[in-house]
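For reference, the structure discussed in these notes is given below.
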Amino acid sequence: MSRYDAREIEPKWQKAWAAAGCFTARRDPSKPKYYVLEMFPYPSGNLHIGHVRNYTMGDVVARYKLATGHAVLHPMGWDAFGLPAENAAMERRIHPGDWTYSNIANMKDQFARLGLTLDWSREFATCDPEYYGQQQSMFLDFLEKGIAYRKNAVVNWDPVDMTVLANEQVEDGRGWRSGALVERRELTQWFFRISDYSEDLLSALDGLDNWPEKVKTMQRNWIGRSRGLQFSFSTVDAPEGFDRIEVYTTRPDTMLGASFVGISPDHPLARQLEREAPEIAAFNAECRRMGTAEEDLEKAEKRGFDTGLRVRHPFDTAWELPVYIANFILMDYGTGAIFGCPAHDPRDLEFARKYDLPVISTFAPESGDHTLPEEGGPAYVPPKPETVHYIRGFAGDEHQTGEAAIEAAITFCETNGVGQGVTRYRLRDWGISRQRYWGCPIPVVHCDACGVVPEKKENLPVELPRDIDFDTPGNPLARHPTWSSVPCPACGAPARRETDTMDTFVDSSWYYARFASPGAKTPTDPEGVEYWMNVDQYIGGVEHAILHLLYARFFARAMQACGHLPQGTSEPFDALFTQGMLTHEIYLTRDAEGRPVYHYPHEVTDGKLADGRPVEIVPSAKMSKSKRNVVDPVDIIDRFGADTARWFVLSDSPPERDVEWTEAGAEAASRHLARVWRLAQAARDADETGSGDEDLERERHRAIHDATMGVESFGFNAAIARLYAFTNVLSKSKAGRAAQVRAVRTLAQLMSPMTPHLSEEIWQMLGGEGLIARAPWPQADPAMLVEDEITLPIQINGKRRGEMRVARDLPKDVVEAQALATDAVQRALSGGTPKKVIVVPGKIVNVVV
RNA sequence: GCGGGCGUGGCGGAAUGGUAGACGCAUGGCACUUAAAAUGCCUUGGGCUAGGCCCGUGCGGGUUCGAGUCCCGCCGCCCGCACCA
């Protein structure tokens, strides 16, 4: 009997699949098409075990769809632009392009060992000029359609490094390299008009039936449609041109609870005031000395500055409110100005208590204990559909829901000329300008005479220059001696190329469409996208639930508007699956100062280091290089084989949840595969006749049914658990050779999406025809699945107290009579009669005594 | 801070509102072996006055004949917050 040796069989079958061209996508009108896509990786240099899980899931789907007669497209590429390449360039004096492409080569070798069904003939990297040139072409289309435009926006500015920082490069308000206090600075930047699509992006979510509800909810909240009132306060003694302050509120029903007006430090009025008042200038400067990240803003202490200006309440001109500049108000939202109602907003309440401003409740609960905010209670913010009692109402009923009150308030205000009801969206336009080298150049030219001029399409791609350096901080493109000097495409006069490059989210917003025809001389070609789009199943991390997926949905619409995608593809991903992370224990010891020192898993045995020191163990932590709790897939494949790695990452945990990588789990998976291998040999060598052929055959059909359901519903862990159970039955079976061989061949097929190499080997061993990768998926015979007799649990007062075997279709009254006759029920009744008997056919009997 | 999610034995987890703990790991025992490894078989939520009963799905309430599942309020962890990808 030979042993299962993954190192021997895995390369063999990988070669066989390649020789047969099994995974090359081909348009085939005689088959339904299926496009499965996993979010493409950033080429960081090494495949992470998390990648293994992500790509194995897609591979299971791809192999299953191949087996069920689909023309499958399963491509792979590289999300190759971005900051890490520039960081590597600075740290190691290596060119970002060289670093990126060598990482790609390395990761591709690692990919090859996993035995995935990828069609590498369609591979591209977003940093290939062929790819980003087409992206530039689309940018020009967007520009022509008005989807791309320029406006001012704030960035994180590092005054020492003289460079723009990403949010993650700002740590506690300081630049990560220079340590300098970061400032907000305004630059003219390129934007995509995603906000024009707000309503469509919102309402189309309703049609995405195969997206997780949580992702749709997050997107809805992000787009943030709100109904509110826009109105203005008239000012008292304000500077010239500021006789009114426009505000927007979603709670106009609380207008009689107004206590102050707050404006953003970037509001035009704040900017005007800082010219005359040094204290205001100082305060505004202080506010701007904070990163642009909304999270920081929200967590920061709420601070304000009393401008001394006052506004008149629109309902009562004698009622004046103070105007504060407040650090938590963003110029990008609404009008950059709010009215504060401390009684019904926790932020406003914190602010009011700090600056001793009035707190005025406008409504209170209908009943129950309630401490009014003005008497020290918390801000009262009930859900809008809840009915409350209006103490200071001015429109609608005294007792009404927040929703009704808001509509009544809007109507009242419109009737009295105080303002207008408007629908707003939280979604802001997408700023795509980056002041960096390693990204897609924005293909426009700045001409003194003609202004902003689009590059001619025949001049695309606008390629990145190769000869750059990172010796001095800032954007290498901007300081390149010759690159930006070009003639104006319109008038031919000397002009300057745009040196901003595009956000890398642009690159990943349309790659799925490019895979349909990767070599096309236009961004897409109609034949390719018409056949392959949409993506039938998209798989990736939930961390992309909002930005990437929203941008990709927007891009599909914008591409459609420019004729790059056909009708019916505005939603590019028919089904979405968000998978969980891979986690691993963290092992650490403490240094003399009590700081943690992290240790790699291979340094730890039985909770101790080699020198015998015990380690602290932090369970289920996200894998990160700095914590050293990483698992190298190459190492796992060397030791156990790809099939074991694939099997393990899919077992144990549901795909949408995190899974903890454990050595013991990997070993168990490996042992199981070896056991299946032995069973296959035992089946091959079994006696011709045996007993229980029929039982095994029934079990085989049940396994087909259950495992198929598991694969179709992304219940890979459930499918695997079912296959374990089938394996247990098989190993105990005394069935004859034919029945055993049939059962093992089915087992190999059902396992093949997860363990393709082992399955091929067994298939061949047991005389399967051709490659298992091309064999049709086994079918379960419905007649073999029904059971004639079932076990019915009997409950007394909702607790299980017994069971009985009954015919599957026994009438309800007979079931009831039999249940009442059981010992357990008789004991519980002790001669009395039951109060109630509930019989759920085929499920349960509950006797209430 | 705001939005979204998750929480079940020693561990990973299973369970259309209907037998909580499938399946796997780890325990412990047995078989095989000179021995070990490997393999196979069995055992295992906690408790008690143990062949029966009680308690158990983060905590506290509620709906229901019946709640891990639905509702309300907490606690903890994770993801996102627009320039990380």
Side-chain angles (χ1 to χ4, degrees), chain A residues 39 41-42 44 79 81-84 153 155-156 164-170 189 194 212-215 217-222 224 291-300 302 328 332 346-347 350 426-436 503-505 507-508 541-548 550-551 578 580-581 583 619-620 622 648 651-654 656-660 662 664-665 667-669 671-672 674-675 678 715 717-718 720-725 727-728 731-732 791-795 797-803 827 835-838 840 842-848:
Chain A
M39 292 179 185
Y42 180 80
S44 58
D79 189 13
F81 274 135
L83 273 182
V155 294
N156 298 311
V164 177
L165 298 177
N167 282 337
E168 74 154 12
Q169 295 175 315
V170 180
Q189 311 240 66
I194 189 172
E213 212 47 59
K214 63 176 173 185
V215 174
T217 303
M218 282 190 266
Q219 293 220 349
R220 282 189 192 106
N221 291 341
W222 186 262
T292 57
E294 188 188 326
E295 186 186 352
D296 297 338
L297 228 57
E298 289 279 335
K299 279 185 186 160
K302 311 288 173 279
F328 58 91
D332 290 342
R347 283 195 312 192
E350 185 189 333
R426 203 183 76 99
L427 181 64
R428 309 198 294 253
D429 275 341
W430 175 12
I432 63 150
S433 277
R434 297 292 181 270
Q435 293 71 39
R436 305 192 206 293
D503 177 8
T504 56
F505 272 125
D507 312 334
S508 55
V542 72
E543 66 271 22
H544 295 294
I546 297 176
L547 292 179
H548 163 61
L550 194 62
Y551 290 149
T578 54
M581 291 182 303
T583 61
S620 299
K622 180 180 180 174
F648 177 69
S651 64
D652 275 17
S653 208
E656 67 275 15
R657 249 198 271 176
D658 295 350
V659 64
E660 170 119 342
T662 62
E667 276 163 11
R671 274 204 303 275
H672 177 73
R675 183 179 179 218
R678 286 193 302 274
N717 60 323
I720 285 177
R722 188 62 185 81
L723 292 174
Y724 269 112
T727 307
N728 288 341
S731 75
K732 291 190 176 76
T791 302
L792 217 51
I794 298 165
Q795 292 183 332
N797 292 337
K799 285 179 180 160
R800 183 181 178 278
R801 284 293 177 265
E803 61 181 38
R827 223 178 8 250
K835 283 186 191 151
K836 198 172 180 183
V837 181
I838 291 120
V840 184
K843 286 285 182 194
I844 206 160
V845 180
N846 189 13
V847 182
V848 184

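Residue numbering restarts at 1 for every chain, and letters A, B, ... go by the order of the sequence lines. Because the structure is a prediction, the values reported are computed rather than measured.
- Residue A:Arg657 has no polar side-chain atom (N or O) positioned under 4.0 Å from OP1 or OP2 of B:C77.
- Base-pair partner of B:U63: not found among the strands shown (Watson-Crick or G-U wobble, both distances under 3.5 Å).
- On the C1' atoms, B:C42 is 15 Å away from B:C32, given to the nearest whole Å.
- A:Lys843 comes within 4.0 angstrom of a base, heavy atoms only.
- Counting all heavy atoms, side chain and backbone alike, A:Val542 lies closest to A:Met218 at CG2-CE, 4.2 Å.
- Look at CD1 on A:Ile844: it is 12 Å from P on B:G66, rounded to the nearest Å.
- In this structure, A:Tyr724 and A:His672 have tilted ring planes: the angle between them lies in the 30° to 60° band.
- When atom types are taken as modelled, the side chain of A:Gln219 and the backbone of A:Ala545 share a donor-acceptor pair closer than 3.5 angstrom.
- Going from the P atom of B:C74 to that of B:G4 covers 14 Å, rounded to whole Å.
- For A:Arg428 and B:G80, the CZ to C1' distance is 14 Å, given to the nearest whole Å.
- At the heavy-atom level, A:Ser508 lies nowhere under 4.0 Å from the strands shown.
- In this model, the phosphate group of B:G13 is approached by a side-chain N or O of A:Ser653 to a distance below 4.0 Å at OP1 or OP2.
- B:G45 and B:G68: their C1' atoms are spaced 15 Å apart (whole Å).
- Rounded to an integer number of Å, the gap from CD of A:Glu295 to P of B:G1 is 11 Å.
- Nucleotides of RNA chain B nearest to A:Glu298 and A:Gln435 differ in position, and the one nearer the 5' end is that of A:Glu298.
- Using P as the reference atom, B:U8 and B:C78 are 15 Å apart when rounded to the nearest Å.
- The same atom, C1', is picked in B:A14 and in B:U57; the two are 12 Å apart, to the nearest Å.
- A donor-acceptor contact shorter than 3.5 Å links the side chain of A:Asn156 to the backbone of A:Leu165.
- Pair assignment for B:A35 gives none, since no Watson-Crick or G-U wobble pairing has each distance under 3.5 Å.
- Comparing B:A20 with B:G7, their C1' atoms sit 16 Å apart, to the nearest whole Å.
- In this structure, A:Lys302 places its NZ atom 9 Å from P of B:C2, rounding to the nearest Å.
- Counting any heavy atom pair closer than 4.0 Å across all strands shown, A:Val164 reaches a base atom.
- If you measure from atom CZ of A:Arg801 to atom P of B:C53, you get 5 Å, rounded to the nearest angstrom.
- Among the protein residues, A:Gln189 comes within range of the nucleic acid bases, having at least one heavy atom under 4.0 Å from a base atom.
- A distance-only check finds no donor-acceptor pair linking the side chain of A:Asn717 to the backbone of A:Ser651 [under 3.5 Å].
- Residue-level contact check: A:His672 touches neither bases nor backbone, having no heavy atom under 4.0 Å from any strand.
- Side-chain contact between A:Phe328 and A:Leu297: absent, with no pair of heavy atoms (C-beta onward) separated by less than 4.5 Å.
- A:Gln189 and A:Ser433 get closest at one heavy-atom pair: OE1-CB, 3.2 Å.
- Nucleic acid contact for A:Gly541: none, since no nucleic acid atom lies under 4.0 Å from a heavy atom of the residue.
- The same atom, C1', is picked in B:U43 and in B:C25; the two are 15 Å apart, to the nearest Å.
- A:Ile838 comes within contact range of at least one nucleobase, with a heavy-atom separation under 4.0 Å.
- Among the protein residues, A:Phe328 comes within range of no part of the nucleic acid, since none of its heavy atoms lies under 4.0 Å from any strand.
- Across every strand in view, B:C84 sits unpaired, with no contact that passes the Watson-Crick or G-U test at under 3.5 angstrom.
- Whole-Å rounding puts the A:Glu294 CD to B:C81 P distance at 10 Å.
- The side chain of A:Arg678 places an N or O atom within less than 4.0 Å of a non-bridging phosphate oxygen (OP1 or OP2) of B:G40.
- If you check every strand for non-hydrogen atoms under 4.0 Å, A:Val215 touches nothing.
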Report each atom pair, protein N/O against N/O of nucleotides 20-28 of chain B, whose distance is under 3.5 angstrom.
{"from": "B:G24", "atom 1": "OP1", "to": "A:Asn728", "atom 2": "ND2", "distance (Å)": "3.1"}

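- Contact annotation: the side chain of A:Val847 never approaches that of A:Arg801 to less than 4.5 Å [non-hydrogen atoms, C-beta and beyond].
- The CD-P distance, from A:Glu213 to B:G5, rounds to 9 Å in whole Å.
- The residue A:Pro654 sits close only to the backbone: its heavy atoms come under 4.0 Å of sugar-phosphate atoms, none of a base.
- Looking only at distances, no side-chain donor or acceptor of A:Arg434 sits under 3.5 Å from a matching main-chain atom of A:Asp503.
- Note on A:Val840: a base of the nucleic acid sits closer than 4.0 angstrom, heavy atoms only.
- Straight-line distance from the CZ atom of A:Arg436 to the P atom of B:A85: 8 Å, rounded to whole Å.
- Phosphate contact (OP1/OP2 of B:G18, side-chain N/O of A:Asn846, threshold under 4.0 Å): absent.
- Only the C1' atoms considered, B:G9 is 33 Å distant from B:G80, to the nearest whole Å.
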